[in-house]
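Taking it in order: structure first as structure tokens, then the write-up.
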Protein chains: 2
Amino acid sequence: MMDSPLSASLSMEELHEAWPVLSIDERLEGFRLLPTAVADDFFLALSAREQAELILHLPTSERRTWVRLLPPDDLADLVQAVEPEEADAILAQLDDASRREVNVLLAYAEDDAGGLMNPRFARVRPDMTIDEAIGYLRKQAREKVETVYYAYALDAEQRLQGVLSLRQLFQAASDKKVADVMHHDVITVSENTDQEVVSQLFAEHGFMALPVLDEQNRMKGIVTVDDIVDVVQEEATEDIQKVGGMEALEAPYFEVGFFGMLKKRIGWLLVLFLGQMLTATAMSSFEGAIERAVVLSLFVPLIISSGGNSGSQASTLIIRALALGEMRLKDWWRVARREVLSGLVLGFVLGAVGLGRIVLWQEVSGAYGEHAFLLGCAVALSVLGVVTFGTLAGSMLPLVLRRFGFDPASASAPFVATLVDVSGVVIYFTVASLLLRGTLL
Amino acid sequence: MMDSPLSASLSMEELHEAWPVLSIDERLEGFRLLPTAVADDFFLALSAREQAELILHLPTSERRTWVRLLPPDDLADLVQAVEPEEADAILAQLDDASRREVNVLLAYAEDDAGGLMNPRFARVRPDMTIDEAIGYLRKQAREKVETVYYAYALDAEQRLQGVLSLRQLFQAASDKKVADVMHHDVITVSENTDQEVVSQLFAEHGFMALPVLDEQNRMKGIVTVDDIVDVVQEEATEDIQKVGGMEALEAPYFEVGFFGMLKKRIGWLLVLFLGQMLTATAMSSFEGAIERAVVLSLFVPLIISSGGNSGSQASTLIIRALALGEMRLKDWWRVARREVLSGLVLGFVLGAVGLGRIVLWQEVSGAYGEHAFLLGCAVALSVLGVVTFGTLAGSMLPLVLRRFGFDPASASAPFVATLVDVSGVVIYFTVASLLLRGTLL
């Protein structure tokens, strides 16, 4: 072991720290150096992809322990992360009952409550006494239940009758009935509820777990809040990447291959590039004006980008408000009014600053000629118009996308900026033509 | 009640649905119409701000029940959400012991583990038997412990010796000792650990709760995963809003006042507007070139925005990777190499498309004159340069910000775009001057 980069006594934290930069052989070696007491925890904390990699590099004789350590929902994730023939090798390590459980879970879409749920939950009968219920839970915990936080009271047809937290169970007098103590009004989700809706319920209510029911109200499993932390993070990452103007990656930065990464980026860049070409077309119809007053062209980037920036702000605000359920489609009129007003105020401030800058610069250097003040007014008015239009367009676009069933987050900052740029060119040269006719033009 | 918009029998779901659009009087009325059995749950699921509003509008005689329903960590949040004199009115409803607990929590920064933690946790002694431990937990649950998921084994000085989950407790034989069953290698956080670090630990390990220790390793409380869902969502919202080019809001869209919202937006818009003025300055030094070949000005928006878009992508990617701990500062060289290569490939593709468009348009309309091909080459080369520079600058800026202690998310899409726009102008006109000297120029 002297030559090994990993010392013989390795802590979980040390290995965790080094993990991202280790090769698979080093990972295996490090994993085997962990004290047995913590190797379990370490393994369970890995991502499905990393667990699969480790298992598939272990000799077949060692695989079973690790495969069987995983609860069915994590196993289903792991199976989805590997090739089909590797999946078979992993499923072969399971007993028949567990394999059936995993296969049932694999039938659900990954982003549904069914795909997130764990079919092993703590159950009691409504007519048990509290003491009987505690005894029954101890028995279940010894067998295979992962999460004992709530106990679910089911009738003989597996239909959910009520729920009680361990705290309530512990609080209640020993001889009371479960039915007397339990909550009857339970918030549940169906197998097909989207994970974004599920995580919204967790965020609003602060639950530790939510029961999943099928169409006949039979209880199929629970979604636990620890899995929701990952969901919330993933959904936010997707939204942030889309807002930044690319397709969402499905893995950490360094784990996505070079060409895979390019593929996620080039699509939007091309669309935006083609869209942006319209600015050249728009400008070419004002080529005469530019020829007569080259000074006009100097302010094109300034004016169109102020529209793009205010549009990015507005679209980002609305995208996030929609994702968090703070706003609905039917609020569009309220949003539109508010954003037009915001755009007017923001545009007025920026326009005034722009006018001031041109007047000041003219005083200092005389760069803009005798009509500097008029030029400044044209710039200021254009900024006012472009910012107001940008703010309105940026705020409405996510709502329009949602209305037609697309992801609002596709109204990315660069997308809104491009859209507003083209209109910005038209607004600017129109305002300038009207205002400067007979002087500069 | 006939005239009331709310019917006499109101379900929790109905009220929850209507909540955002109700006035405070309607909220109070609705809340009082809830069946007592679910009013608790409804109240607990509200945000701290909403709980405070409701309590402060109740007659003093009814306040106590609701104030005392809240655990100390939620009470601390609530007190922070109201005015100082209102806080006193709320704290006056508590018994002395609880008021002391809340006051201790108020001393922590809101974004630290100390500010998130609940001081009421389930404790056992290492030398208890399993049966004694279960009995002791039942007693604690009856008093005031909120979350019974893990039991923490403390010595006489309140130092943490180990932890065991309820599942382990339930699994173990009745006469075993706690110390024989518990985990000794416990992951803990300190009172001052930042909430972003805490939530990263939850996301990586899938814990239900984490113990918080002071400097002497005495256990002060637990952070539970249900609070972390909110933290993850808040942090993501802040990052998304910053990426969109504004200051982070601290409340939902409709709850922020019109002028409060403007204040969050105008700052960055002004900074960007002032920065963007440099494009006018940069372009004015190429005024001569534009006068000689107005056609050059047509492609300015196209070229600079392609740099801005690729820069936005890159910065967003890196901002998120940093926030999720997928990448560290010391990876900067690896990132830079990868992003320069990406930029070259992306720029090459976009440049080729640009060249093709100009050549094609020339064939169709003859709009660009006899030197259209050379013009196309100048545009293509500029796009290559600008996209490569934009990608590199966009990816490095968040790392530089982090290095100097700023929030990487301030490297917003509009900020990067503005930065790259100015350099884009310089790159474009320099390339054009070199390539078109003696022909167009």
Completion exercise
The interface call for B:Gln200 against chain A, heavy-atom contacts under 4.5 Å, is side chain

Exercise for the section: Evaluate the side-chain proximity of A:Thr316 to B:Met246: yes if any heavy-atom separation is below 4.5 Å, no if none is. Expected result: no

Fill in the blank from the handout: Across all chains, not counting sequence neighbours, the ring-ring contact (aromatic ring centres under 6.0 Å, His included) partners of B:Phe273 are none

Problem - Contact class of B:His183 relative to chain A, heavy atoms under 4.5 angstrom - result: side chain

Fill in the blank from the handout: Cut-off 4.5 Å, heavy atoms of chain A, and the answer for B:Thr391 is side chain

Problem - Check: B:Arg334 and A:Phe254 side chains under 4.5 Å, non-hydrogen atoms - result: yes

Practice task
Would you indicate whether the side-chain heavy atoms of B:Glu255 and A:Glu326 approach each other to under 4.5 Å?
Solution key: no

Practice task
For residues A:Glu287 and B:Val295, determine if any side-chain heavy atom of one lies less than 4.5 Å from a side-chain heavy atom of the other.
Solution key: yes

Practice task
Rounded to the nearest 0.5 Å, what's the gap from CG on A:Leu166 to CG on B:Leu166? Could you check?
Solution key: 5.0 Å

Practice task
Taking B:Gln276 for its side chain and A:Ser306 for its backbone only, find out whether a donor-acceptor pair lies under 3.5 Å.
Solution key: no

Practice task
Would you mind reporting whether A:Ile130 and B:Arg138 have side-chain heavy atoms less than 4.5 Å apart?
Solution key: yes

Practice task
Tell me, for B:Leu270 versus chain A, whether the close heavy atoms (under 4.5 Å) come from the side chain, the backbone, both or neither.
Solution key: both

Practice task
Return the set of residues passing ring-ring contact (aromatic ring centres under 6.0 Å, His included) with B:Tyr253 (not counting sequence neighbours), or none when no residue passes.
Solution key: none

Handout entry: Salt bridge present between A:Glu291 and B:Arg292 (N-O < 4.0 angstrom)
Key = no

Exercise for the section: Measure distances from B:Ile318 to the heavy atoms of chain A and classify the residue's part below 4.5 Å as side chain, backbone, both or neither. Expected result: side chain

Problem - B:Arg338 and A:Met261, any side-chain heavy atoms less than 4.5 Å apart - result: yes

Practice task
For A:Gln313 and B:Arg265, indicate whether the former's side chain and the latter's backbone hold a donor-acceptor pair under 3.5 Å.
Solution key: yes

